[in-house]
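Working notes, beginning with the structure itself.
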Number of protein chains: 2
Amino acid sequence: MQTRRYHHGDLRAALLTRAEQTLREKGPGALSLRELARDLGVSHAAPSRHFKDKQALLDALALAGFERLDEALAASRKAAGETFADRLGGLVRAYVDFAVANAELLDLMYTVKHDPAASEALITAAQRLGATAVELVAEGQRSGEVREGPVDDIGMPVFTTLHGFASFAVSSVLSAEEVESGLDAVIAYMVRGCAPS
Amino acid sequence: MQTRRYHHGDLRAALLTRAEQTLREKGPGALSLRELARDLGVSHAAPSRHFKDKQALLDALALAGFERLDEALAASRKAAGETFADRLGGLVRAYVDFAVANAELLDLMYTVKHDPAASEALITAAQRLGATAVELVAEGQRSGEVREGPVDDIGMPVFTTLHGFASFAVSSVLSAEEVESGLDAVIAYMVRGCAPS
DNA sequence: ACCTGAACACCGTTCAAGT
DNA sequence: ACCTGAACACCGTTCAAGT
């Protein structure tokens, strides 16, 4: 029989890791602080030392998701080709890949928080993600591949399409096959929406 | 003191109405079957006669939401102008108006259900909504205002943008002012995405 | 600083029994 | 057919107390 250490070491990180695993495997409804504590061999009151309530843990989970998505998009940008269309296509594929691989997490990331103060960091994170799309559009404007005009007037709709497509992929409105076969059509439509007249 | 009737009359409808009210006023976290029953002056076990569990009530709520959104879009179609751009603009405005006026409900409508069988009706409802967008695009193709090609290759991205924009409006990624001021840019981008080359 | 154990006020769900 | 009341097995949160 193993001795149970009094100190866990890094309970906060362990809670987040385990919570994401549960979210992925059993869905958001199965996430309970008490079960998390049980799984980690800690009392049911211990999590409250690290997260003031359940929502705080969910917010931290969502924030980590935004950070990972940010990294995935940044990585795809380096790997992408030369033309605006290629680079935009790479962005869309990276976003959709993340969405499909982390469906429950993406859902959590964009779940409405009615407490406006608590969700400020999450809204900021989402907006930073949008800035990535806007930057790509700005590059396209400089190279003449994207029409002129206020960059937000083009970048915001692009980000909107990106998010909508990923959202449909996650919510099963589009099947896995439809997502795969629809990717090129969506990218072509986005490029046209950006193109100079 | 009023006599409490043994039979409620139409408890099912009363539960749905009250549930939507609670959803709107206090958010999804505050929705409890027991509190609903208390509010309606009925025992806590009574709801189970009408909804097999809590998820079944949420599904019924979401389905009713899809029906009302369908009606709102159909109504906007009749009121819209002659050109494709006008008609598409009317569709976007109607969708966004519904989203803003029913934020919590829209969120519920698109919340991922991990039980694939239970959510079949909801996925079908969402796809029927998409069909409205696709029909509009098909009309545009017949009148020559939309480029040729498989109608889904244009209609699906249009529906995707529509949904993404509404989703951002609901999740506070875009503020109310940004939604209002961004509408025209989104519509212009969508029209360009559809236009003949 | 970090965790435990008990307590409180809730849940959803089920099921015999009532009308 | 529809609802009640009691029971069961869970929750999240708080707080004195322990190490």
Side-chain angles (χ1 to χ4, degrees), chain A residues 1-23 25-62 104 108 111 113-115 117-119, chain B residues 1-23 25-62 104 108 111 113-115 117-119:
Chain A
M1 171 180 144
Q2 227 183 331
T3 323
R4 193 155 88 196
R5 296 200 322 269
Y6 178 75
H7 288 279
H8 187 281
D10 194 354
L11 182 55
R12 196 192 132 93
L15 283 165
L16 285 173
T17 303
R18 182 73 191 182
E20 191 182 339
Q21 193 184 346
T22 304
L23 183 67
E25 290 169 4
K26 304 191 197 167
L31 249 186
S32 119
L33 289 179
R34 286 180 102 108
E35 187 173 356
L36 241 37
R38 244 179 272 128
D39 290 348
L40 297 175
V42 104
S43 96
H44 65 259
S48 74
R49 287 285 135 186
H50 302 279
F51 300 101
K52 89 171 212 290
D53 56 20
K54 189 179 182 181
Q55 189 58 53
L57 185 147
L58 295 179
D59 287 351
L61 220 47
E104 300 84 1
L108 185 68
T111 289
K113 311 295 180 311
H114 286 92
D115 182 346
S119 59
Chain B
M1 172 178 147
Q2 226 183 334
T3 325
R4 192 155 87 197
R5 298 199 322 269
Y6 179 75
H7 290 278
H8 185 281
D10 194 352
L11 182 56
R12 196 192 131 93
L15 283 165
L16 286 174
T17 303
R18 182 74 192 183
E20 191 183 336
Q21 193 184 345
T22 303
L23 183 67
E25 292 170 2
K26 304 191 199 166
L31 251 186
S32 119
L33 289 178
R34 286 179 103 111
E35 186 172 357
L36 242 36
R38 245 179 272 129
D39 290 348
L40 298 174
V42 104
S43 96
H44 66 259
S48 74
R49 287 285 135 187
H50 302 280
F51 300 100
K52 90 172 210 291
D53 56 21
K54 191 179 181 180
Q55 190 58 54
L57 184 145
L58 294 179
D59 286 350
L61 220 47
E104 301 84 0
L108 185 68
T111 289
K113 311 293 181 309
H114 287 92
D115 181 346
S119 61

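All values derive from a computational prediction rather than experimental measurement. The chains referred to below are lettered A, B, ... by the order of the sequence lines, with proteins before strands, and numbering in each begins at 1.
Base-pair partner of C:dT4: D:dA16 (Watson-Crick or G-U wobble, both distances under 3.5 Å). For D:dA9, there is no paired base (Watson-Crick or G-U wobble, both distances below 3.5 Å).
Which of C:dG12, C:dT4, D:dC11 sits closest to the side chain of B:Leu33 comes down to C:dG12. Closest to the B:Arg49 side chain, of the nucleotides C:dC3, D:dC3, D:dT13, is D:dC3. Residue A:Ser32 places its side chain closer to D:dC11 than to any other of D:dA7, D:dC11, C:dG12. Set against D:dG5, C:dT13, C:dC3, the side chain of A:Ala46 has C:dC3 as its closest nucleotide.
Between the NE2 atom in A:His50 and the CG atom in A:Asp10 there is a gap of 7.5 Å [rounded to 0.5 Å]. Rounded to the nearest 0.5 Å, atoms CG (A:Leu58) and OG1 (A:Thr111) are 9.0 Å apart. Taking NE2 of A:His44 as the start and OG of A:Ser32 as the end, the distance is 11.0 Å to the nearest 0.5 Å. Separation of atoms CD (A:Gln55) and CG (A:Leu57) is listed at 9.5 Å; rounding is to 0.5 Å. Separation of atoms CD (B:Glu25) and CD (B:Glu20) is listed at 10.5 Å; rounding is to 0.5 Å.
With rounding to whole Å, B:Arg34 atom CZ is found 13 Å from D:dG5 atom P. At whole-Å resolution of the value, CG in B:Leu58 and C1' in C:dT13 are 15 Å apart. Nucleotide D:dC10 holds its C1' atom 12 Å from the NZ atom of A:Lys54, rounded to whole Å. The interatomic distance linking A:His50 (NE2) with C:dA1 (P) rounds to 13 Å, in whole Å. Rounded to a whole Å, the NE2 atom of A:His44 is 11 Å from the C1' atom of D:dC15. If you measure from atom CG of A:Leu57 to atom C1' of D:dT13, you get 15 Å, rounded to the nearest angstrom. Across the protein-nucleic acid pair, A:Glu35 atom CD and D:dA9 atom C1' stand 13 Å apart, rounded to whole Å. Following rounding to the nearest Å, B:Lys26 (NZ) and C:dC10 (P) show an atom-to-atom distance of 12 Å.
Taking side-chain N and O atoms only, B:Arg38 has a distance below 4.0 Å to OP1 or OP2 of C:dC11.
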